[in-house]
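Here's the structure we're looking at; comments come further down.
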Number of protein chains: 2
Amino acid sequence: MKLSVRGEYALRAMQLLAERYGGPVVSIQTLSDEQNIPKRFLEQILNDLKSSGLVESRRGMAGGYRLALAPAEIPLARIIRYIDGALSPVSCVSERFYEKCSCPDETRCALRSVMKEVRDTVAQMMEKTTLVDLIARAQKLRSVPMGPMDFVI
Amino acid sequence: MKLSVRGEYALRAMQLLAERYGGPVVSIQTLSDEQNIPKRFLEQILNDLKSSGLVESRRGMAGGYRLALAPAEIPLARIIRYIDGALSPVSCVSERFYEKCSCPDETRCALRSVMKEVRDTVAQMMEKTTLVDLIARAQKLRSVPMGPMDFVI
DNA sequence: TAATAAACGATCAAATTGATCAAGTATTTC
DNA sequence: GAAATACTTGATCAATTTGATCGTTTATTA
């Protein structure tokens, strides 16, 4: 039921790019440093994200990456689907990555019907959460943890 | 976000064992045939399930496996957790399989907070669905597809 | 009692995928 | 043209999935 490490890194990189949206491009080095992601691996992932049209890059000195779309237009589902594939726990309930299951009768598989509900729920959550929502959450998290005690000492 | 093949097979085998609950033990051969699961692989999986206390076995001729607990007492979550591990999309939000994430500040990670909600939702669904529910669903699925036309020639 | 069907246990192997590293090439800015 | 950076390709290492072999143990049945 887990995201691949690749997918997790992609989400974290995109989250950072979303925070810097509007500013200058962010280098792999910076992304790698700030998010603790192995640089070489991140390189590949960003390349994939570029092919998907979610980010664009600039070469040479002061080069780097930035979002190709506004954060509000990028739901988490889109990133995950591109990097990791299906959101479904089993591929026989996937809408976009459907594969026939080896079970005897898919149409009457009880397990399948449960998994379909899980898929739909997860897909809906990932679809409605965009990078903008992440930014908003991050802001809240920055203020809340210490609470009103922020100003003590 | 997918279950491993191992986990999927485990669920399907358990589903069949639940349907036969109360009857005689079911052999690996039967399970393998009826559910289209590679026999050798299934052998390993059933072994794991046995160590977990979810199934028990009987040796010798007419030997096989059966549930060690009533179907109502076995939620899908328990099977998945034992075979596949965490239900969470990322391990830094897992309750039972927690692992520290490589991100700079877990407590203020927006992605984490989203993933936590996904985890909680999925966990709740898998926790409340037991093998009895699968049986009930299977019954519905057996009757519904054809509908009231069942008796037409 | 002997034959048989099954679980159990231990490996090995091959194919695939996932995660990572290494090294060189191309492009832009200074 | 030097330096910093993205880009490309290929190598490596580990885990997963599946298949194969071989033997041991247990219980039924003829």
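Letters go in sequence order (proteins before strands), and every chain restarts at 1.
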Counting C-beta onward and ignoring hydrogens, is there a side-chain heavy-atom pair between [X] and [Y] closer than 4.5 Å?
{"X": "Leu17(B)", "Y": "Val26(B)", "value": "yes"}
{"X": "Ile83(B)", "Y": "Leu49(B)", "value": "yes"}
{"X": "Glu117(B)", "Y": "Thr129(A)", "value": "no"}

Grab the [atom1]-[atom2] distance between [X] and [N] for me, whole Å please.
{"X": "Leu42(A)", "N": "dT5(D)", "atom1": "CG", "atom2": "P", "value": "14 Å"}
{"X": "Ile37(A)", "N": "dC21(C)", "atom1": "CD1", "atom2": "P", "value": "13 Å"}
{"X": "Lys39(B)", "N": "dT17(D)", "atom1": "NZ", "atom2": "C1'", "value": "18 Å"}
{"X": "Ile28(A)", "N": "dA26(C)", "atom1": "CD1", "atom2": "P", "value": "18 Å"}
{"X": "Asp84(B)", "N": "dA15(D)", "atom1": "CG", "atom2": "P", "value": "16 Å"}

Using a 6.0 Å cut-off, check whether atom CD of Glu127(A) has over 12 heavy atoms from anything other than its own residue.
yes

Of the nucleotides dT17(D), dC21(C), dA6(C), which has the atom closest to the Arg40(A) side chain?
dC21(C)

If you check every side-chain atom of Tyr9(B), which of dT18(D), dA6(C), dA19(C) has the closest atom?
dT18(D)

Look at Arg112(B) together with Glu106(B) and state whether they make a salt bridge at an N to O cut-off of under 4.0 Å.
yes

Within residues 44-67 of chain A, the residues having a heavy atom closer than 4.0 Å to DNA chain C are Gln44(A), Arg58(A), Arg59(A), Gly60(A), Met61(A)

Starting from the 5' end of DNA chain C, give me the residue, Glu43(A) or Glu43(B), whose nearest nucleotide shows up first.
Glu43(B)

Report the C-alpha separation of Leu11(B) and Leu76(B) in whole Å, then their side-chain angles, then the decisive distance to 0.1 Å, and conclude whether the side chain to side chain contact (heavy atoms under 4.5 Å, CB included) test is met.
CA-CA 7 Å; Leu11(B) 287 173; Leu76(B) 301 191; 4.1 Å; yes

